Amino acid sequence: MGVPGPFPGSPGRPDAPAPDREEVDRALERLGAEYEAIETSLLALQDHAGRRLLEGAELSGTTKERWAEAERSITVLWSLFDAYTAALESARELRERRRWPSAEDLAELTELLHGEGLTVPATDAETETAGGDPEDGPARPGERFSLEGLVARINGLYARSLDVIVAADSVWSALPARIDLLSAELQRTRSLAHSVGVRPGEHPAGDDLERITEELSRLRARVIADPLAFWVSSSTGSSAPGGGRPDTGRYDRAARALEDIRREVAAVLDVRQDAERRLMQLRDVLSRADRTLTEARQARGEVLAKIAASEVPAVSGPSTALHEQLAAAAGYRRRAQWHRLSPLLDSLEERAEDELHRARESLTAVTAPLAVRAELRGRLDAYRAKAARHGVAEDPLLTERYDIARRMLWSAPCDLRAAEQAVWRYQQAAAEALVPLQREGREES
């Protein structure tokens with residue numbers, strides 16, 4: 001906020017200050033510059049926006065304790081500054097008595113500027129805080145200082161007081177505005193959620209919205225009353241006032257939770273926009289599954305009539321549960337209960353595809369014997385054609401075995417095991433009949 005850091009100072013008494021006019025004049029000039037810096041910094045501290053906020057706030061917890069201590073320190077600061085001012089004015093008056101000060105004047109000035117003869121009167125605030133660290137705490141009653149030592153003590157009190165003010169101001173600058181923006185976004189999300197039926201007691205996301213609302217309300221009140229509870233000091237060990245950062249952990253968790261709810265509400269909105277299309281696709285998938293199961297049942301009857309000695313699996317009927325849930329989904333759409341429709345559609349789409357897959361597997365399983373019979377018929381005809389091309393189809397043995405195999409394959413019920421043996425015997429006979437022909441062909445070549 002434009003407040004300077006700790007005042008410049010060079011505490012420590014020289015081993016042997018030289019009692020000459022130039023040395024005294026340089027010391028007075030340096031102390032005068034320090035006086036200007038101290039006054040500027042104290043006035044800026046007095047006018048700091050964070051200080052005004054702290055004075056007007058109803059504080060609690062850590063902030064209340066530390067601000068009470070900082071207020072006492074600020075009171076002490078002005079008391080020490082008044083003592084510094086009086087001592088510096090006394091030294092200037094003594095120096096201005098003569099253009100060329102005497103040895104006695106120089107000795108008195110040197111003692112005044114460098115000696116520890118300055119006693120600071122105790123104030124009520126000093127008395128309350130006495131007993132702290134003597135290096136940077138308030139002056140203890142009767143404690144004696146040099147001007148440099150007084151500046152060092154002012155530096156310590158100023159740094160501690162400024163640290164409280166800057167830290168509180170940083171938290172107030174960072175968190176309440178962000179909490180308000182998140183609360184506004186929460187209200188927009190709540191309105192949108194209510195429009196699609198996501199309400200407390202009816203949908204988990206509605207309950208989560210209520211919890212986030214309460215959390216943001218509690219968080220904002222705590223930040224306003226106790227900002228220093230949300231301040232993390234610098235891990236580098238920096239002693240600069242305000243060295244650290246606001247702790248946004250609770251805010252960040254609330255923001256992430258709200259984002260999760262927004263995605264869920266967006267998904268429900270997508271359901272509202274695509275509900276009719278998805279319901280039509282579901283009806284189509286279940287209709288295909290039902291038709292496939294009907295075809296499988298018809299095929300099973302045909303197999304049982306045409307194929308003997310074959311295990312044919314049973315075929316179940318349409319899924320009553322899926323059709324009931326589809327009807328429930330249509331009802332949710334009519335009543336605009338999108339938050340109920342969304343998870344139901346996701347479940348139905350997966351289960352409907354599984355039902356269609358099951359129906360197709362059933363059809364494949366029950367028609368397998370017919371496929372085997374068709375394959376045997378094709379194989380028999382293929383060998384018959386091959387024998388005809390080589391002129392051996394009318395061989396009596398081949399003709400007899402072909403007739404036997406054909407009769408088995410084209411009669412009902414068909415014994416697939418016996419038919420397969422008959423086809424195999426015809427293949428063997430055809431292969432044996434073709435051997436002499438193949439031998440003759442090799443001899444001619």
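Small disclaimer: the values here were computed from a predicted structure and weren't measured. Values below: every heavy atom of this structure, side chains too, minus hydrogens, waters and symmetry copies.
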> Going through the checks in order, is the salt bridge (charged side-chain N to carboxylate O under 4.0 Å, His left out) test met by Asp354 and Arg358?
Replying inline: CA-CA 6 Å; Asp354 291 342; Arg358 182 180 68 84; over 6 Å; no
>> Determine whether Leu326 and Leu279 satisfy the following criterion, side-chain contact (heavy atoms from CB on, under 4.5 Å), listing intermediate values before the conclusion.
In response: CA-CA 8 Å; Leu326 181 59; Leu279 283 171; 4.0 Å; yes
>> Determine whether Ser287 and Arg291 satisfy the following criterion, side chain to side chain donor-acceptor pair (under 3.5 Å), listing intermediate values before the conclusion.
In response: CA-CA 6 Å; Ser287 177; Arg291 290 197 302 270; 2.7 Å; yes
> Which pairs, with at least one residue in residues 343-352 and sequence neighbours excluded, count as a salt bridge (Lys or Arg N to Asp or Glu O under 4.0 Å)?
Replying inline: Arg278-Asp346, Arg278-Glu349
Check whether any side-chain heavy atom of [X] lies under 4.5 Å from a side-chain heavy atom of [Y], and answer yes or no.
X: Met408; Y: Glu420; answer: no
X: Arg250; Y: Arg222; answer: yes
X: Val265; Y: Arg262; answer: no
X: Leu376; Y: Leu380; answer: no

> Taking atom types as modelled, is there a side-chain donor on Arg401 or Gln428 under 3.5 Å from an acceptor on the other?
Replying inline: no
> Looking at Leu181, Leu219, Val171, Ile224, which hits side-chain contact (heavy atoms from CB on, under 4.5 Å) with Pro176?
Replying inline: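 Answer after filtering Leu181, Leu219, Val171, Ile224: Ile224.
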Using atom types as modelled, flag every donor-acceptor pair under 3.5 Å from a side chain in residues 53-60 to any protein atom, sequence neighbours excluded.
{"from": "Glu55", "atom 1": "OE2", "to": "Arg51", "atom 2": "NH1", "distance (Å)": "2.8"}
{"from": "Glu55", "atom 1": "OE2", "to": "Arg51", "atom 2": "NH2", "distance (Å)": "3.3"}

> Considering residues at least two apart in sequence or located in another chain, which fulfil the side-chain contact (heavy atoms from CB on, under 4.5 Å) criterion with Gln281?
Replying inline: Arg277
> Does Arg334 have any side-chain contact (heavy atoms from CB on, under 4.5 Å) partners at least two apart in sequence or in another chain, and if so, which?
Replying inline: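 Applying side-chain contact (heavy atoms from CB on, under 4.5 Å) to Arg334 gives Ala330.
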>> Could you walk me through whether Glu353 and His357 satisfy the side chain to side chain donor-acceptor pair (under 3.5 Å) test, starting with their C-alpha distance in whole Å, then the side-chain angles of each, then the deciding distance to 0.1 Å, before giving a yes or no?
In response: CA-CA 6 Å; Glu353 289 295 335; His357 180 68; over 6 Å; no
> Where does the angle between the aromatic ring planes of Phe81 and Tyr84 fall among parallel (under 30°), tilted (30 to 60°) and perpendicular (over 60°)?
Replying inline: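 Rings of Phe81 and Tyr84: parallel, under 30°.
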Sequence neighbours excluded and cut-off under 3.5 Å, please list the side-chain donor-acceptor pairs for residues 193-200, or say none.
{"from": "Ser195", "atom 1": "OG", "to": "Leu192", "atom 2": "O", "distance (Å)": "2.5"}
{"from": "Arg199", "atom 1": "NH2", "to": "His194", "atom 2": "O", "distance (Å)": "2.8"}

>> The criterion is side-chain hydrogen bond (donor to acceptor under 3.5 Å, both in side chains); which residues satisfy it with Arg425, sequence neighbours excluded?
In response: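 Testing Arg425 for side-chain hydrogen bond (donor to acceptor under 3.5 Å, both in side chains), a comparison that skips the adjacent residues, returns none.
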>> For a side chain to side chain donor-acceptor pair (under 3.5 Å) check, start with the C-alpha distance between Ser191 and Arg188, then their side-chain angles and the critical distance, and finish with the verdict.
In response: CA-CA 5 Å; Ser191 176; Arg188 287 192 292 270; over 6 Å; no
> What's the verdict on side-chain contact (heavy atoms from CB on, under 4.5 Å) for Asp180 and Arg220, showing C-alpha distance, side-chain angles and the deciding distance?
Replying inline: CA-CA 8 Å; Asp180 290 342; Arg220 193 181 193 285; 2.7 Å; yes
